[in-house]
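Heads up, the thing below is written out as structure tokens.
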Amino acid sequence: MKHRNGKKISARWIPVFCASFFLFGILFSNRMWAPAESNGQLLSRARHEQELKMVSEDCDTKKKPSKEVDVTDQVHKTHEAIQLARSLDKTIATLQMELAAARSSRELGSSADGSSAIDGVDGKPRKKVFMVIGINTAFSSRKRRDSVRETWMPQGEKLLQLEREKGIIIRFMIGHSATSNSILDRAIDSEDAQHKDFLRLEHVEGYHELSAKTKTFFSTAVAMWDADFYIKVDDDVHVNLGMLGTTLARHRSKPRVYVGCMKSGPVLSQKNVKYHEPEYWKFGQEGNKYFRHATGQIYAISRDLATYISINQPILHKYANEDVSLGSWFIGLEVEHIDDRNMCCGTPPDCEWKAQAGNVCIASFDWSCSGICKSVEKIKDVHARCGEGDAAVWDALF
């Protein structure tokens with residue numbers, strides 16, 4: 001058979017051509033389709049990665065401020081929590097003070113408004129007065145007490161009138177002997193029956209127990225009378241009641257006042273000396289001085305301080321000296337110390353000169369004797385020369 005072109009294709013080239021076309025088809029298919037598919041995948045992957053990146057950046061953008069906001073919020077919340085805790089502490093402290101005051105009012109028999117009395121000692125009403133004066137005395141001081149009665153302390157009906165009209169309570173304060181119903185106690189009972197001017201304390205008398213006696217006096221006085229001021233004075237000191245009342249009246253509006261002749265004596269570490277302080281080491285090196293405190297011959301404290309002593313009596317520490325003990329109980333409290341030198345005038349001619357100059361003393365005594373030296377013999381002379389006059393207390397306006 002003849003070919004159209006006049007040429008024949010050898011049979012042996014047919015397999016070659018077939019293989020060539022097959023290979024060419026494979027190459028063509030890879031060239032045309034594979035790149036397109038690869039590009040699509042790349043585009044799709046690139047688009048996906050771009051979207052992930054945008055989402056990631058968006059998340060990061062949102063998360064970072066969120067973290068900052070979260071930290072700020074946490075700081076703010078912590079600050080609020082601290083403020084709340086402080087406020088809660090103050091509230092608790094206030095409630096504790098109110099609870100203590102309520103407990104004191106219940107135990108001492110004070111009224112809700114502090115002006116009228118409810119139940120005091122033995123269920124008796126607690127009377128509202130201006131001041132309560134406790135004259136510290138001992139079993140052996142009968143002559144001193146009589147000398148005080150004969151000079152600046154009213155007696156009998158005058159004493160009752162002073163309470164009614166001026167709100168001034170004056171009592172000799174004394175405890176009991178170590179032996180129950182001893183001759184000493186019976187002597188005081190007999191004297192009290194005659195003069196009716198004693199305040200008997202639940203206290204065992206002793207020279208080294210003056211700090212304990214002072215605590216007991218204030219606690220007992222607060223339980224019996226609702227006074228603006230409570231005064232402690234020794235039985236060998238001369239007092240002008242009118243000047244005392246007039247002076248204290250000027251401090252009546254102050255809640256916590258401690259009035260007296262402030263001093264700061266040396267802490268005596270040597271044994272076998274008067275006023276030796278066994279706990280001298282608490283005040284630092286030897287030779288140091290005490291903190292400021294009122295001398296023990298006479299001082300006055302306001303109602304809040306007397307109530308504080310009454311409430312905390314079991315835990316108030318006692319030092320060797322009574323006046324130091326009292327001063328230590330007010331350390332750390334918001335107390336106004338009033339140093340009034342008219343409460344520690346000397347005996348004549350000192351107090352006499354001051355009286356002539358129009359500056360009548362509140363109290364007179366001798367520093368060298370911690371009271372009036374030989375007070376039984378001298379107090380009448382002091383009263384005559386330095387006294388304000390019997391009418392002064394009645395004319396004074398408190």
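Side chains are part of it too, since the values below use all heavy atoms of this structure and drop only hydrogens, waters and symmetry mates.
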(message) Please say yes or no: joined through hydrophobic side-chain contacts below 4.5 Å, possibly via intermediate residues, are Met243 and Ile379 part of one cluster?
(response) yes
(message) Which label fits Tyr280 and His276: parallel for a plane angle under 30°, tilted from 30 to 60°, or perpendicular past 60°?
(response) tilted
(request) Please report the shortest heavy-atom distance between Leu241 and Trp152, naming the atom on each side. (result) CD1-O, 3.6 Å
(request) Using a strict 4.0 Å threshold on nitrogen-to-oxygen distance, state whether Asp146 and Arg149 make a salt bridge. (result) yes
(message) Does any part of the side chain of Lys232, heavy atoms only, come nearer than 4.5 Å to the side chain of Lys213, both counted from C-beta?
(response) no
(message) Do Val222 and Phe217 have side chains that approach each other closer than 4.5 Å (heavy atoms only, starting at C-beta)?
(response) no
(message) Using 0.5 Å steps for rounding, measure from the CG atom of Leu248 to the OH atom of Tyr230.
(response) 13.0 Å
(request) Flag the pair Leu305 / Thr307 as yes when at least one side-chain heavy-atom distance between them is below 4.5 Å, and no otherwise. (result) no
(request) Enter the distance from Glu163:CD to Ile169:CD1 here, rounded to the nearest 0.5 Å. (result) 3.5 Å
(request) Using a 4.5 Å cut-off on heavy atoms from C-beta on, say whether the side chain of Leu316 contacts that of Ile309. (result) yes
(request) Count the heavy atoms belonging to other residues, nucleotides or ligands that lie under 6.0 Å from NZ of Lys289, then report whether that count exceeds 12. (result) no
(request) Assert yes or no for the condition that the ring centre distance of Phe283 to Tyr319 is strictly below 6.0 Å. (result) yes
(message) Quick check: closest heavy atoms across Pro154 and Ile170, and the distance to 0.1 Å?
(response) CD-CD1, 4.1 Å
(message) Can a side-chain donor-acceptor contact be found between His383 and Lys380 if the only test is distance below 3.5 angstrom?
(response) no
(request) List the atom of Arg144, the atom of Ser147, and the distance in Å for their closest heavy-atom pair. (result) O-OG, 2.6 Å
(request) Might you point out which heavy atoms bring Thr246 and Ala396 nearest each other, and give the distance in Å? (result) OG1-CB, 3.9 Å
(message) Out of the candidates Asp234, Ile298, Val233, Asp236, only one should pair with Ile135 under the side chain to side chain contact (heavy atoms under 4.5 Å, CB included) rule; please name it.
(response) Val233
Solution key, residues 338-347 side-chain donor-acceptor pairs under 3.5 Å, sequence neighbours excluded:
residue, atom, partner, partner atom, Å
Asp339, OD1, Met262, N, 3.0
Asp339, OD1, Arg341, NH1, 2.7
Asp339, OD2, Arg341, NH1, 3.3
Asp340, OD1, Asn342, N, 3.0
Arg341, NH1, Met262, O, 3.1
Asn342, ND2, Asn359, OD1, 3.0
Thr347, OG1, Asp366, OD1, 2.5

(message) Please tell me whether Gln313 and Ser219 have a donor and an acceptor in their side chains that are separated by less than 3.5 angstrom.
(response) yes
(request) Find the distance between CZ (Arg303) and NZ (Lys128) and round it off to the nearest 0.5 Å. (result) 4.5 Å
(message) With a 4.5 Å cut-off on side-chain heavy atoms, are Ile133 and Ile168 touching?
(response) yes
(message) Quick check for you: to the nearest 0.5 Å, what is the distance between Ser211 atom OG and Trp329 atom CH2?
(response) 5.5 Å
(message) For the CD atom on Glu157, are there more than 12 heavy atoms of other groups (residues, nucleotides or ligands in this structure) within a distance under 6.0 Å?
(response) yes
(request) Please check if atom CG in Asn312 has more than 12 non-hydrogen atoms from other residues, nucleotides or ligands closer than 6.0 Å. (result) yes
(request) Please confirm whether Phe365 and Trp367 have ring centers closer than 6.0 angstrom. (result) yes
(request) Test side chain to side chain contact (heavy atoms under 4.5 Å, CB included) on Tyr308 and Leu333 and set out the steps. (result) CA-CA 10 Å; Tyr308 171 82; Leu333 302 182; 3.6 Å; yes
(message) Looking at Glu334 and Arg256, is there a salt bridge between them, counting it only when a charged N and a carboxylate O are closer than 4.0 Å?
(response) no
(message) In this structure, would Val267 and Phe291 fall into the same cluster of hydrophobic residues linked by side-chain contacts under 4.5 Å?
(response) yes
(request) Ignoring hydrogens and angles, state whether a donor on the side chain of Thr137 or Arg145 is under 3.5 Å from an acceptor on the partner side chain. (result) yes
(request) Treating Ile, Leu, Val, Met, Phe, Trp and Tyr as nodes and any side-chain heavy-atom pair under 4.5 angstrom as an edge, say whether Trp225 and Ile231 lie in one connected cluster. (result) no
(message) Hydrophobic clusters here meaning ILVMFWY residues chained together by side-chain heavy-atom distances under 4.5 Å, can you tell me if Val132 and Leu162 are in one?
(response) no
(request) Look at atom NZ of Lys254 and say whether more than 12 heavy atoms of other residues, nucleotides or ligands are closer to it than 6.0 Å. (result) yes
(request) Determine if the SG-SG distance between Cys361 and Cys386 falls under 2.5 Å. (result) no
(message) Can you give me the closest heavy-atom contact between Asp381 and Pro348, atom names plus distance?
(response) OD2-CG, 4.4 Å
(message) Do Phe398 and Phe229 land in one hydrophobic cluster if side-chain heavy atoms of ILVMFWY residues count as linked below 4.5 Å?
(response) yes
(message) Between Lys196 and Asp192 (salt bridge meaning N to carboxylate O under 4.0 Å), is one present in this structure?
(response) no
(message) Side chains of Glu336 and His251 only: does a donor on one sit below 3.5 Å from an acceptor on the other?
(response) no
(request) Report yes or no: do His203 and Glu209 form a side-chain donor-acceptor pair below 3.5 Å? (result) no
(request) Find the distance between OH (Tyr258) and NE2 (His337) and round it off to the nearest 0.5 Å. (result) 6.0 Å
(message) Does Gln285 have more than 12 heavy atoms from other residues, nucleotides or ligands lying within 6.0 Å of its CD?
(response) no
(message) Under a 3.5 Å threshold, yes or no: a donor from one side chain and an acceptor from the other, between Asp185 and Ser182?
(response) yes
(request) Please step through salt bridge (charged side-chain N to carboxylate O under 4.0 Å, His left out) for the pair Asp197 and Arg171, ending with a clear verdict. (result) CA-CA 5 Å; Asp197 55 6; Arg171 295 288 188 274; over 6 Å; no
(request) Decide whether Arg200 and His176 meet the rule of one side-chain donor and one side-chain acceptor closer than 3.5 Å. (result) yes
(message) Please give me the minimum heavy-atom distance between Ser364 and Val382, naming the atom from each residue.
(response) CB-CG1, 4.2 Å
(message) Tell me whether Lys166 forms a cation-pi arrangement with Phe130, defined as NZ or CZ under 6.0 Å from the six-membered ring centre and within 45 degrees of its axis.
(response) no
(message) Ring-plane angle category for Phe172 and Phe198, please: parallel below 30°, perpendicular beyond 60°, tilted otherwise.
(response) tilted
(message) Using side-chain heavy atoms (C-beta onward) and a distance below 4.5 Å, is Asp323 in contact with Lys263?
(response) yes
Could you pull out every donor-acceptor pair under 3.5 Å between side chains of residues 369-378 and any protein atom, sequence neighbours left out?
residue, atom, partner, partner atom, Å
Ser370, OG, Tyr275, OH, 3.2

(message) If I take atom OG from residue Ser177 and atom CD1 from residue Ile183, how far apart are they, to the nearest 0.5 angstrom?
(response) 10.5 Å
